[in-house]
Every structure is written in C-alpha cells, then in structure tokens.
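Below you'll find the structure, written out as structure tokens, and then a few comments.
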Protein chains: 2
Amino acid sequence: MVRQREFDKEQALDEAMELFWKKGYEATSISDLTAAMGIQRPSLYAAFGGKEELFEAALRKYLNLHAARIRAKLHTNPSVKEAIRAFFGDLVEEGYRETPSKGCFCINTMVELAPHDEKFEILTREHEMYLAVIFQEAIRKGMKSGELAGSLDAKGLAQTLVVALIGLTVLLKSRPERSFADHSVGMVLSLLH
Amino acid sequence: MVRQREFDKEQALDEAMELFWKKGYEATSISDLTAAMGIQRPSLYAAFGGKEELFEAALRKYLNLHAARIRAKLHTNPSVKEAIRAFFGDLVEEGYRETPSKGCFCINTMVELAPHDEKFEILTREHEMYLAVIFQEAIRKGMKSGELAGSLDAKGLAQTLVVALIGLTVLLKSRPERSFADHSVGMVLSLLH
DNA sequence: AATAAAATATACCGATCAGTAAATTAAAAA
DNA sequence: TTTTTAATTTACTGATCGGTATATTTTATT
C-alpha cells in the first residue's frame with residue numbers, strides 16, 4: 001500500500017541529537033541536520049515535523065538515556081560513596097578528554113531555551129528534579145546499609161549533588177586547571193561524611 | 001575637523017550587553033541590536049567593528065562589572081560567613097524575581113560559545129578563576145579574623161563556591177521549587193563550619 | 001566661507017535561513 | 001497488473017542573516 005521509509009528513524013534521531021547537543025538549537029541549521037542525518041529536507045519534515053519538534057524529540061531521547069545512564073552508574077558499585085565518587089570522577093575525566101566538551105544536552109538547553117520557552121523550562125526542570133530523586137535513592141540505600149550516617153538529609157544532599165553536577169559540567173566547558181574541578185569534587189563528596 | 005558621534009558609545013554598549021546577555025549570541029541579530037542601541041547599522045559597524053567584536057566588548061564590560069559587584073557584596077558585611085550567605089540568598093532571590101532569568105552572561109557564554117571558540121573559552125575561564133580568587137580572599141579574611149576555622153582549605157573552598165554558584169545560576173533558569181535552591185545553598189554554606 | 005574628515009541615513013549585497021510545491025519513484029493492496 | 005499511497009528528489013519560496021556602498025549631513029580646522 002505504501003512506500004516504506006528508506007532510513008532508520010531512530011538512527012536519524014540519534015544524529016540529530018548529537019548535532020543539537022554539540023551546537024545548540026540556533027546554531028544548527030536544517031541543512032546541517034539533513035547532512036548529518038543522511039536524509040533529504042522533506043523527509044525530515046515528514047518524519048519529525050519541523051526544527052523545533054525535532055529538537056524536542058532529540059532532547060527527550062537524550063533525557064531518557066541520560067537518566068538511565070546515571071542510575072546505572074550509581075548502582076554498579078556496592079559502596080554508594082564509591083559510586084558517587086566514581087561518577088564525579090568520570091564526569092571530570094570525560095570533560096577533559098572530550099574536545100570540544102559537549103557537556104550535558106539538558107544543561108545546554110536550560111541555558112539557551114528554558115528562559116524563553118516554557119516547554120523547555122518544564123522539561124529541563126523535571127529532568128533535574130528526577131536526577132535529584134535518583135541521587136536521593138542512592139543515598140538512602142547507603143543510609144539503610146549503614147554505609148552513610150542515618151542523620152544525613154538525603155533529599156537536600158541529593159539536590160546539592162545535582163547543583164554541583166551542573167556547576168562542574170558548565171565549568172569544564174572552559175577547561176580550567178584540573179585541580180579546580182578535583183578540589184570541588186572532593187569538597188562536595190565530603191558532605192557525605 | 002570631524003563630525004562627532006551623536007550617541008553615547010558606553011550607553012549603546014550597555015544596551016548591546018543587555019541584549020546579548022538576555023538572548024545569547026546566535027539568537028541576537030544586528031537588527032535587534034541597532035533597535036535596542038538606538039543607532040543605525042553602519043554606526044554599529046563603525047563604532048564596534050562587527051557582531052562578534054561587539055559581543056566581545058559587551059562581555060568584557062559585563063565581566064568587569066560582575067567581578068566588581070561580587071567583590072563589593074562580599075565585603076559589605078563584617079562577617080564573611082554572613083556576607084557569603086547573603087550573596088547566595090540574593091542570588092536565589094533574584095533568580096525567582098527576574099523573569100525571564102537572564103542568569104550570568106559569562107555562564108551563558110561558557111555554554112554557547114566557549115566549546116567552539118578558544119577566545120571565549122579563555123575569557124570565561126579566567127573570569128571564573130578570578131571569581132574563585134575573590135571568594136578565596138574573603139575566606140582568608142574570615143580565617144584571619146578568627147571567624148572561620150584556620151584549618152579550612154581556602155582555595156578549594158572558594159573553587160567549590162564558584163562551582164555551586166554556576167550550578168545554582170543555571171538551575172534557576174528552570175525555576176525549580178524554591179526548596180531545591182535553598183537546601184543546596186544551606187548545604188554548601190555548611191562547608192564553612 | 002571653503003575644506004576635510006567622519007558620522008549619519010538609505011538602500012542595497014550575496015548568502016543562508018526555515019519551510020514547501022511539484023514531480024518522480026517505490027511498494028503494498030486490489 | 002493496475003491502483004493507491006507515501007517517501008524521495010529537485011527546485012524553489014519569501015524572509016532574514018551579517019555586512020557594505022553610496023550619498024548626505026555635520027562640525028572642526030583652515
């Protein structure tokens with residue numbers, strides 16, 4: 001009955017995600033996108049609607065992958081303290097290895113679009129709140145196991161870790177001396193003691 | 001010998017700074033700028049060179065004002081602890097009052113331009129390092145006066161405050177529940193004890 | 001008053017922007 | 001095999017982009 005799509009929609013969305021992640025919304029043109037996605041212009045509009053709809057789809061995909069990746073990282077190590085330490089260590093490590101530093105697609109969008117578009121304000125806010133919940137779960141787990149003091153404020157601590165995560169991610173884009181990031185990570189982790 | 005400029009260059013630069021700060025580099029057009037600055041297009045190019053040069057001039061002006069404002073805020077209160085508490089309190093307060101939240105021009109530039117333009121990577125990095133020095137001076141002052149423990153790591157602590165400042169500023173763009181910001185501020189301030 | 005230098009205003013440049021109309025091609029259903 | 005539906009390709013739209021050529025106006029110097 002119908003001709004079928006010649007490209008893989010998820011794969012094309014992945015390419016769009018990478019490009020929007022790396023360059024942001026305004027600096028990415030439809031021509032950039034079609035080139036990276038390997039499709040023609042009308043195919044993009046037929047499959048994804050338009051630039052903003054495509055951006056939103058790419059961001060939503062990123063948010064899902066991002067949250068899942070963080071949750072997984074926080075549960076690979078039996079020690080919650082070690083897991084969180086490794087998480088921030090890897091964050092810094094990757095920030096210096098990757099060039100240029102794409103940072104976090106969610107954070108990039110909070111800065112570029114959230115202030116002027118309520119849809120992205122909500123989307124990014126809910127993601128950051130969700131990340132706080134993920135950290136909170138890990139902290140509670142450590143408190144239950146006795147690894148962390150039962151007197152800790154799990155929620156406040158988790159929210160503080162998210163603030164530090166955002167701050168570090170943005171700071172790394174300017175490639176400061178390594179000790180700047182390392183000292184900050186150490187200080188933040190000391191809140192777990 | 002020559003006709004003199006009919007507009008005030010510093011005043012025009014202020015308008016450009018506000019606009020770039022609010023909208024970022026890519027989303028701000030020359031037409032937006034001339035309208036806000038109240039000048040004609042060729043006057044802009046004659047006085048400032050071009051879009052990127054104007055952006056850099058606006059950013060440099062912001063960085064100077066920003067650093068001076070922070071230094072002043074940290075020295076209005078005889079208690080360093082109270083001064084830092086007030087600083088972060090005001091930051092959160094303003095983040096919720098101002099709509100939309102312009103955030104920090106330096107942070108916006110770190111996210112939008114630093115990863116792809118070494119000039120802005122350096123400019124923003126040096127500003128954040130300078131902010132850390134300003135915080136460090138305040139902390140050392142508190143240590144000398146006996147208000148803060150002499151065992152504190154002033155440098156690391158100052159760098160951590162900068163990371164928290166960045167994280168909070170970005171987070172506020174998504175307008176999270178107030179307690180999110182307040183709890184994080186409280187936790188970070190607890191590092192001063 | 002004449003001259004020279006720079007700021008102004010109008011109008012324009014080619015390039016690129018996001019988005020689409022029209023024609024062609026492919027493939028499933030009849 | 002014919003028909004129908006949608007994906008592809010090519011080419012295009014008007015609008016806007018950053019930047020500038022040209023001509024006019026202003027003002028200090030001669």
Side-chain angles (χ1 to χ4, degrees), chain A residues 1-60 105 108-109 112-113 116-117 119-120, chain B residues 1-61 105 108-109 112-113 116-120:
Chain A
M1 187 190 186
V2 300
R3 178 178 181 178
Q4 61 207 13
R5 197 180 280 119
E6 292 181 2
F7 63 94
D8 183 270
K9 194 173 174 181
E10 280 308 309
Q11 189 174 320
L13 183 56
D14 283 339
E15 296 296 336
M17 181 183 79
E18 288 288 329
L19 202 54
F20 276 131
W21 184 359
K22 183 165 60 185
K23 303 185 39 166
Y25 181 80
E26 292 289 346
T28 303
S29 71
I30 299 292
S31 297
D32 293 334
L33 289 164
T34 55
M37 299 163 82
I39 64 178
Q40 300 298 327
R41 192 170 281 248
S43 298
L44 186 154
Y45 283 89
F48 300 102
K51 189 183 178 183
E52 187 175 324
E53 293 95 319
L54 175 57
F55 182 89
E56 183 179 344
L59 178 59
R60 285 185 185 275
F105 192 8
N108 298 351
T109 303
E112 186 184 6
L113 301 182
H116 308 291
D117 189 321
K119 181 198 308 166
F120 294 111
Chain B
M1 187 188 187
V2 300
R3 180 178 179 179
Q4 62 208 13
R5 197 181 278 120
E6 291 181 3
F7 63 94
D8 184 88
K9 194 171 172 182
E10 280 308 310
Q11 189 174 320
L13 183 55
D14 282 340
E15 296 296 336
M17 180 183 80
E18 288 289 328
L19 202 56
F20 276 131
W21 185 359
K22 183 165 62 187
K23 303 185 38 167
Y25 182 81
E26 291 290 345
T28 302
S29 72
I30 299 290
S31 297
D32 293 334
L33 288 163
T34 55
M37 298 163 82
I39 64 178
Q40 299 298 326
R41 193 173 279 247
S43 299
L44 186 155
Y45 282 90
F48 299 102
K51 189 184 180 186
E52 187 174 323
E53 293 95 319
L54 175 57
F55 183 89
E56 184 179 341
L59 177 59
R60 285 185 185 275
K61 178 159 191 177
F105 190 8
N108 298 352
T109 303
E112 186 184 6
L113 302 182
H116 308 292
D117 189 322
E118 195 182 8
K119 181 197 308 165
F120 294 111

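We name chains A, B, ... by the order of the sequence lines, and we start the count at 1 in each one.
Of the residues in residues 8-19 of chain B, none has a non-hydrogen atom less than 4.0 angstrom from any atom of DNA chain D. Listed by residue number, the members of residues 45-60 of chain B with any heavy atom below 4.0 angstrom from DNA chain C form an empty set.
Other residues, nucleotides and ligands contribute at most 12 non-hydrogen atoms within 6.0 Å of the CD atom of Gln11(A). With a 6.0 Å radius and a threshold of 12 heavy atoms from other residues, nucleotides or ligands, Glu118(B) has its CD atom at or below the threshold.
As a whole-Å value, the separation of Tyr25(A) OH from dC17(C) P is 13 Å. If you measure from atom CD1 of Ile30(B) to atom P of dA15(C), you get 19 Å, rounded to the nearest angstrom. As a whole-Å value, the separation of Glu26(B) CD from dT16(D) C1' is 14 Å. Regarding Met37(A), its CE atom lies at a distance of 15 Å from the C1' atom of dA18(C), rounded to whole Å. With rounding to whole Å, Phe7(B) atom CZ is found 10 Å from dA9(C) atom P. Spacing between atom CG of Leu33(A) and atom C1' of dC17(C) amounts to 13 Å, rounded to whole angstrom units.
For Gln4(B) and dA6(C), the shortest distance from a side-chain N or O to OP1 or OP2 is not below 4.0 Å. Taking side-chain N and O atoms only, Ser29(B) has no distance below 4.0 Å to OP1 or OP2 of dT16(D).
Listed by chain and number, the residues in a salt bridge (charged side-chain N to carboxylate O under 4.0 Å, His left out) with Glu18(B) are Lys102(B) (sequence neighbours excluded). Listed by chain and number, the residues in a salt bridge (charged side-chain N to carboxylate O under 4.0 Å, His left out) with Arg5(A) amount to none (sequence neighbours excluded). Shown here are the salt bridge (charged side-chain N to carboxylate O under 4.0 Å, His left out) partners of Lys9(A), two or more places apart in sequence or in another chain: there are none. For Gln4(B), the side-chain hydrogen bond (donor to acceptor under 3.5 Å, both in side chains) criterion is met by no residue, not counting sequence neighbours. For the salt bridge (charged side-chain N to carboxylate O under 4.0 Å, His left out) test, no residue two or more places apart in sequence or in another chain qualifies with Glu15(A). Listed by chain and residue number, nothing satisfies the side-chain hydrogen bond (donor to acceptor under 3.5 Å, both in side chains) test with Gln40(B) (two or more places apart in sequence, or in another chain).
To the nearest 0.5 Å, the span separating CG on Leu54(B) from CD1 on Ile30(B) amounts to 7.0 Å.
Counting non-hydrogen atoms under 4.0 angstrom, Thr34(B) reaches nothing in the nucleic acid.
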Are any protein N/O atoms closer than 3.5 Å to N/O atoms in nucleotides 9-13 of chain D? If there are, list each pair with its distance.
none

For nucleotides 23-25 of chain C, print each protein N/O atom paired with a nucleotide N/O atom at under 3.5 Å, atom names and distance only.
| unit_1 | atom_1 | unit_2 | atom_2 | d |
| --- | --- | --- | --- | --- |
| dT25(C) | O2 | Arg3(A) | NH1 | 2.8 |

Passes side-chain contact (heavy atoms from CB on, under 4.5 Å), Lys61(B) versus Phe105(B)? Steps please.
CA-CA 10 Å; Lys61(B) 178 159 191 177; Phe105(B) 190 8; over 6 Å; no

Give the C-alpha distance, both sets of side-chain angles, the deciding distance and a yes or no for side-chain contact (heavy atoms from CB on, under 4.5 Å) between Phe55(B) and Thr28(B).
CA-CA 10 Å; Phe55(B) 183 89; Thr28(B) 302; over 6 Å; no

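The two residues Ala16(A) and Ala58(A) have their closest heavy-atom pair at C-CB, 4.4 Å.
Within the structure, salt bridge (charged side-chain N to carboxylate O under 4.0 Å, His left out) pairs that include any residue of residues 34-48 of chain B do not occur (at least two apart or interchain).
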Compile the donor-acceptor pairs under 3.5 Å between side chains in residues 19-26 of chain B and protein atoms, sequence neighbours left out, one pair per line.
| unit_1 | atom_1 | unit_2 | atom_2 | d |
| --- | --- | --- | --- | --- |
| Trp21(B) | NE1 | Gly103(B) | O | 3.1 |
| Lys23(B) | NZ | Asp32(B) | OD2 | 3.2 |

